[in-house]
Amino acid sequence: MMSLGILLPLLFFLFIIFFVGMWTNKYVSQSDSFLHEYFLGSRNMGGFILAMTMMATYGSASSFIGGPGVAYSTGLGWVLLSMAQLPAGYFVLMILGKKFAIVARQYHSVTLIDFLKSRYQSELVGLLAALSIIIFLFSSMAAQWVGGARLIESLLDIPYWLALLIFALSVMIYVVVGGFRAVALTDTILGAVMFFGTLILLVATIIAGGGVTNIMEKLVAIDPDLISPFGANGELSPLYVSSYWILVGVGVVGLPQIAVRAMSYKNAKAMHQAIIISTVFVGIIMLGMHLIGVFARAINPNIAVGDTVMPTIAMEVLPPVLAGVVLAAPMAAIISTVNALLIMVSSAVVKDIYLSYINRDAQERTIRKISYTVTAVLGVIVFFMALSPPDFLIWLNLFSFGGLEAAFIWPVILGLYWKKGNRYGAIWSMIVGVSSYILFHTYYPNAFGMHTVVMPVVLSLITFVVASIFTDKKIVYKPLKQVD
Amino acid sequence: MEDKMFSKDPRFKVAKREAWIGVGLVVINFLWWFGFAYGLSKGSPTEYTYILGFPAWFFYSCIGGLIIMSILITFVVKVLFKEVPFDEEEQSAEEANKGGL
């Protein structure tokens with residue numbers, strides 16, 4: 001049973017983000033351009049907020065719960081693997097960088113899909129992109145909701161449906177009324193909680209284990225392979241571990257919820273600051289959290305379920321109030337991922353489906369009403385799906401991360417920097433990327449000893465290049481069409 | 001008509017250069033990480049050498065890698081990256097005045 005000391009910091013934290021989120025509604029109601037404000041925070045992010053929202057959106061339940069659990073059983077090799085995430089902090093902002101920011105402004109793009117549509121002058125590209133975002137991100141959002149509710153359920157010892165309701169209400173309402181700015185601002189608080197939670201727990205774990213030297217001795221006594229880079233059972237080959245650089249490092253460029261942040265910043269200075277801050281923060285959190293998982297093995301070698309390693313060790317090495325603060329960190333990671341996904345899916349429905357196909361000439365007032373409604377309705381649907389997740393949702397979620405990367409990475413990067421890249425390349429590369437991901441995952445997972453994501457990313461690159469070159473003559477550029 | 005995206009805008013040259021710098025940094029990052037991790041971990045784990053309590057491969061590859069990359073990135077951004085305006089019409093100033101985050 002949970003003590004009040006742990007409970008209070010958690011509830012306090014949920015209230016704070018709720019009120020900050022609600023407060024941002026004043027920006028939404030005062031803005032001249034509702035769409036830009038609601039889905040992009042009026043391109044007004046400063047460097048610190050940009051860094052925090054990138055990091056918090058990227059860091060999810062797996063960084064705080066799943067990852068440390070695997071590190072507990074695998075050892076330092078998994079910490080090594082987690083460091084493949086370091087480029088996520090700087091690579092996205094450097095690659096999309098200034099070109100994406102400038103072009104997105106020229107095209108008046110509000111979403112990643114807007115950008116793709118204007119770049120390739122193709123409705124089909126937009127439609128394919130919108131569908132993959134809605135399908136994949138919706139399912140991964142539902143999976144994160146389940147994770148959030150399970151965490152509350154275990155911490156507060158309440159029934160699952162009630163935990164889900166608390167989670168849904170604390171996230172959904174402020175996202176609906178505050179939009180992107182609410183997401184980015186609360187992400188800053190959530191990111192700070194993640195950062196300090198990691199530091200506190202890391203220090204406490206080292207002290208509880210009697211220092212690093214002592215901990216390593218104990219690990220060697222349990223199993224010397226725990227301190228090797230090859231994993232406790234030699235399961236981590238250098239090639240396999242290296243292939244994670246694609247999945248969680250450079251491939252992150254292709255995740256729409258991350259890429260959209262690269263068009264939300266105010267100016268070049270904000271971007272420069274964000275590169276530095278997010279590298280340091282991502283690095284410390286990933287290194288710290290996974291290291292905690294390994295250290296936990298030396299302190300309590302009898303934890304049976306991986307997902308309980310982090311909560312168990314927090315309650316073991318910290319006084320209740322601090323444990324509450326630290327346990328708010330995985331909560332923060334989940335909320336900050338979910339809120340970004342919710343506004344992302346909502347933007348795809350409103351901007352890329354409703355305003356593109358259903359009602360092209362909608363008035364500002366109608367857009368407002370539709371945006372609030374769509375975001376709220378999406379939230380309610382996710383709630384009911386998360387109540388008892390249907391099998392197809394769990395199945396879809398398996399592909400959402402790698403599938404989106406395989407779909408978007410080349411249409412985005414080559415679209416920005418390769419002049420010959422055209423709509424045929426983009427369309428076929430998205431189709432090949434997603435379908436080959438599903439096929440590899442089903443019939444030949446971890447192909448050639450690398451993570452499943454590698455082959456689809458390679459295949460979609462080849463497709464993009466070949467299709468673009470072969471159809472080069474067919475493309476006639478029309479004068480730029482304004483999307484907005 | 002040519003697409004605006006590949007015009008001779010000098011800002012695009014800056015952007016392209018910085019994107020390549022990003023690729024270069026990832027390559028350096030990867031080589032450092034891979035080199036120390038697998039270069040220093042040959043042989044039995046019971047015979048590893050230690051630095052500050054950590055196995056040497058881990059210390060250099062993960063902890064050292066994080067520190068080196070942070071320094072390198074700070075240097076690159078401060079010295080090599082250029083600040084360019086994003087808006088043609090300078091509407092950014094007007095937007096910023098509205099009060100931001």
Side chains of B/F54 and A/L76: closer than 4.5 Å at any heavy-atom pair?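 No; the side chains remain at least 4.5 Å from each other.
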Find out whether A/S242 and B/F30 are in side-chain contact, i.e. whether some heavy atom of one side chain is under 4.5 Å from a heavy atom of the other.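 Result yes, sub-4.5 Å side-chain heavy-atom pair found.
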Qualifying residues under ring-ring contact (aromatic ring centres under 6.0 Å, His included), relative to A/Y265, sequence neighbours excluded: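 A/Y265 satisfies ring-ring contact (aromatic ring centres under 6.0 Å, His included) with B/F86 once adjacent residues are dropped.
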At a heavy-atom separation under 4.5 Å, does [X] approach chain B through its side chain, its backbone, both, or neither?
X	result
A/L291	side chain
A/V241	both
A/L416	both
A/L80	both
A/F100	neither

For [X], is it the side chain, the backbone, both or neither that has a heavy atom under 4.5 Å from a heavy atom of chain A?
X	value
B/L52	backbone
B/T74	both
B/Y50	side chain

Pull out the residues in residues 35-44 of chain B that come under 4.5 Å of chain A, heavy atom to heavy atom, sorted by number.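 B/A37, B/Y38, B/S41 fall under the 4.5 Å cut-off.
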For the interface with chain B, which of [options] has the highest count of heavy-atom pairs at distances below 4.5 Å?
options	result
A/G97, A/A101, A/A84	A/A101
A/K269, A/K98, A/M286, A/M83	A/K98
A/V220, A/I95, A/V103, A/I227	A/I227

Shortest non-hydrogen contact from [X] toward [Y]:
X	Y	answer
B/W57	A/G77	CH2-N, 4.4 Å
A/V280	B/S70	CG2-OG, 3.8 Å
A/L86	B/G65	CD2-O, 4.4 Å
A/I102	B/F12	CG2-CE2, 3.8 Å
B/E18	A/M271	OE1-CE, 4.4 Å
B/G53	A/T213	CA-OG1, 3.6 Å

Would the number of heavy atoms belonging to other residues, nucleotides or ligands and lying under 6.0 Å from NZ of A/K218 be above 12?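 It does: A/K218 NZ has more than 12 such atoms within range.
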Near B/Y60 OH, under 6.0 Å, is it more than 12 heavy atoms from other residues, nucleotides or ligands?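 Open: at most 12 neighbouring heavy atoms sit under 6.0 Å from OH of B/Y60.
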Rounded to the nearest 0.5 Å, how far does [atom2] of [Y] lie from [atom1] of [X]?
X	Y	atom1	atom2	answer
A/Q106	B/S7	CD	OG	6.5 Å
B/K82	A/H272	NZ	NE2	10.0 Å
B/I73	A/T279	CD1	OG1	4.0 Å
A/D225	B/T46	CG	OG1	9.5 Å
A/K99	B/K13	NZ	NZ	13.0 Å

Using the rule given for side chain to side chain contact (heavy atoms under 4.5 Å, CB included), can you reason through B/E83 versus A/N267, listing the C-alpha separation, both sets of side-chain angles and the distance that settles it, and then say yes or no? CA-CA 8 Å; B/E83 278 185 32; A/N267 50 31; over 6 Å; no
Pairs of heavy atoms under 4.5 Å with chain A: top-ranked of B/W33, B/Y48, B/F81: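 Answer, by heavy-atom pair count under 4.5 Å with chain A: B/W33.
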Using the rule side-chain contact (heavy atoms from CB on, under 4.5 Å), only one of B/N29, B/V77, B/I21 pairs with A/Y90; which is it?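 Per the side-chain contact (heavy atoms from CB on, under 4.5 Å) rule, the option paired with A/Y90 is B/N29, out of B/N29, B/V77, B/I21.
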